[in-house]
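Letters A, B, ... are given to chains in the order of the sequence lines, protein chains preceding strands, and every chain is numbered from 1. We use all heavy atoms of the structure for the numbers below, so side chains are in, but hydrogens, waters and symmetry mates are not.
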2 protein chains.
Amino acid sequence: MEAAKHSPAQFQALLESKGLKYTYERKMIFDEVSHLKEHFDADSLYERFKGKGRRISRDTVYRTLPLLLESHVIQKSAGAGKREFFERIGRKGHHDHMICIKCGKIIEFQCEEIEKLQEKKAQEFGFKLTFHDHRLFGTCKDCQHG
Amino acid sequence: MEAAKHSPAQFQALLESKGLKYTYERKMIFDEVSHLKEHFDADSLYERFKGKGRRISRDTVYRTLPLLLESHVIQKSAGAGKREFFERIGRKGHHDHMICIKCGKIIEFQCEEIEKLQEKKAQEFGFKLTFHDHRLFGTCKDCQHG
DNA sequence: ATCCTATTCAGATTTAATCTTAATAGGATT
DNA sequence: AATCCTATTAAGATTAAATCTGAATAGGAT
């Protein structure tokens, strides 16, 4: 008894709670990101819509991503360069990243204890945690020789 | 018996380990950031040098900040807008941030257990942790009513 | 059908960060 | 001290990311 894959329910719920509409464009963007297996940035997502039937403007993409973050459809990710990267929260669930400052390699890691501690800390401040960005920078195994 | 305040020893050590020189400009930048009590971004730091005796170019500031991060003189911080923020690691030591997505308020928090778990996770991957960026986004106490 | 508000589009604009080329600094060599 | 050599910096141009602007559209309410 598994929930249907890629249900927009959480997204729709968030929109409703904010008095926003589940528009054609928001549907399209939800659908696209919820099927993306790799990480992506706002602009590359925009490029994906070019030439696919109806166009979706860059601005709409940029405006929709924070809503998807907030509804836990996507999470912050990491990638080369200075853009902000995202990725859908898929079967493997939420995870964070280590980035090698020498070769750029990205390692995914999960730590349930850190997640819990984060939540606990937030509660201490009466802060309602929505999403987070946690990236570890350093040197990967292969780049440490010499 | 306290260590001298704002010693460039760690910074100089890092430079040496990389075969880089402790130049006049790097001294100036070290000195400036090690006395800054507030967070700052690269560009505002650059502006500080304008009109102060010898100029330091924007590019030099941008190139020096990662070295200061790496030598633990500064850490990643958080602030309004999309710039990258930094702050010196002062008496209170390292800490991370919660950012309210409604009002922009920034709350500092410390969690020794999270720091340790991070380090442990890094070790699992043979990853040598240098610095990190950990930001929690959500809604602060005051913005949760209604 | 008309009105009203939210939303979107398209492209211009802004702004952050990096790149380019030439100049400079400072150590090593003779 | 003069020359050479490499790292570093300056200044401003360039690139690229993200947001803004004004007009157009959508879709629900009256």
Mind checking if A:Asp59 touches a base, just sugar-phosphate, or nothing, with heavy atoms under 4.0 Å?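 Here A:Asp59 touches the bases of the nucleic acid.
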
Spacing of [X] atom [atom1] relative to [N] atom [atom2], expressed in whole Å:
X: A:Lys82; N: C:dT15; atom1: NZ; atom2: P; result: 15 Å
X: B:Tyr22; N: C:dA25; atom1: OH; atom2: P; result: 19 Å
X: B:Met28; N: D:dT8; atom1: CE; atom2: C1'; result: 16 Å
X: B:Arg63; N: D:dT8; atom1: CZ; atom2: P; result: 9 Å
X: B:Tyr24; N: D:dT9; atom1: OH; atom2: C1'; result: 13 Å
X: B:Phe40; N: C:dA16; atom1: CZ; atom2: P; result: 16 Å
X: A:Tyr62; N: D:dA16; atom1: OH; atom2: P; result: 13 Å
X: B:Tyr46; N: D:dG12; atom1: OH; atom2: P; result: 8 Å

Near-ring test A:His132/A:His94, centroid separation under 6.0 angstrom: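 Yes, close enough.
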
I'd like to know if A:Glu124 and A:Lys121 make a salt bridge, using a cut-off of under 4.0 Å between side-chain N and carboxylate O.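 Yes, A:Glu124 and A:Lys121 are salt-bridged.
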
Below 30° counts as parallel, above 60° as perpendicular, anything between as tilted: where do the rings of B:Phe11 and B:Phe30 land?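 Ring orientation, 0 to 90° scale: parallel.
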
Anything under 30° is parallel, anything over 60° is perpendicular, the rest tilted; go ahead and classify A:Phe109 against A:His134.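 Rings of A:Phe109 and A:His134: perpendicular, over 60°.
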
Toward the 5' end of DNA chain C, by each residue's nearest nucleotide, A:Glu25 or B:Arg58: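 Nearer the 5' end of the strand: A:Glu25.
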
In dot-bracket notation, what is the pairing pattern of DNA chain C, taking Watson-Crick (N1-N3 plus N6-O4 or O6-N4) and G-U wobble (N1-O2 and O6-N3) contacts under 3.5 Å, with [ ] crossing and | for other strands? ||||||||||||||||||||||||||||||

Quick one: is D:dT9 close enough that its OP1 or OP2 comes under 4.0 Å of any side-chain N or O from B:Arg26?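 Looking at the OP1 and OP2 atoms of D:dT9, one of them is under 4.0 Å from a side-chain N or O of B:Arg26.
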
Check this one for me: any side-chain N or O of B:Thr23 less than 4.0 Å away from OP1 or OP2 of C:dG26?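 So the side chain of B:Thr23 is outside the cut-off, no N or O lying under 4.0 Å from OP1 or OP2 of C:dG26.
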
Are A:His39 and A:Glu108 linked by a side-chain donor-acceptor pair shorter than 3.5 Å?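 Their side chains do not contain a donor-acceptor pair, so the 3.5 Å distance test is not met.
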
Minimum heavy-atom separation for A:Leu67 to A:Leu14, with atom names?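 Nearest pair, atom of A:Leu67 first, then A:Leu14: O-CD2, 3.3 Å.
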
Within one Ile-Leu-Val-Met-Phe-Trp-Tyr cluster: B:Met98 and B:Ile106, side-chain cutoff 4.5 Å: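 B:Met98 does not cluster with B:Ile106.
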
How do A:Asp43 and B:Ile56 order along DNA chain D: which one's closest nucleotide is nearer the 5' end?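 The residue closer to the strand's 5' end, by nearest nucleotide, is B:Ile56.
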
A:Ser57 has a side chain; which of C:dA6, C:dA10, D:dA18 sits nearest to it?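 The nucleotide sitting nearest to the side chain is C:dA10.
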
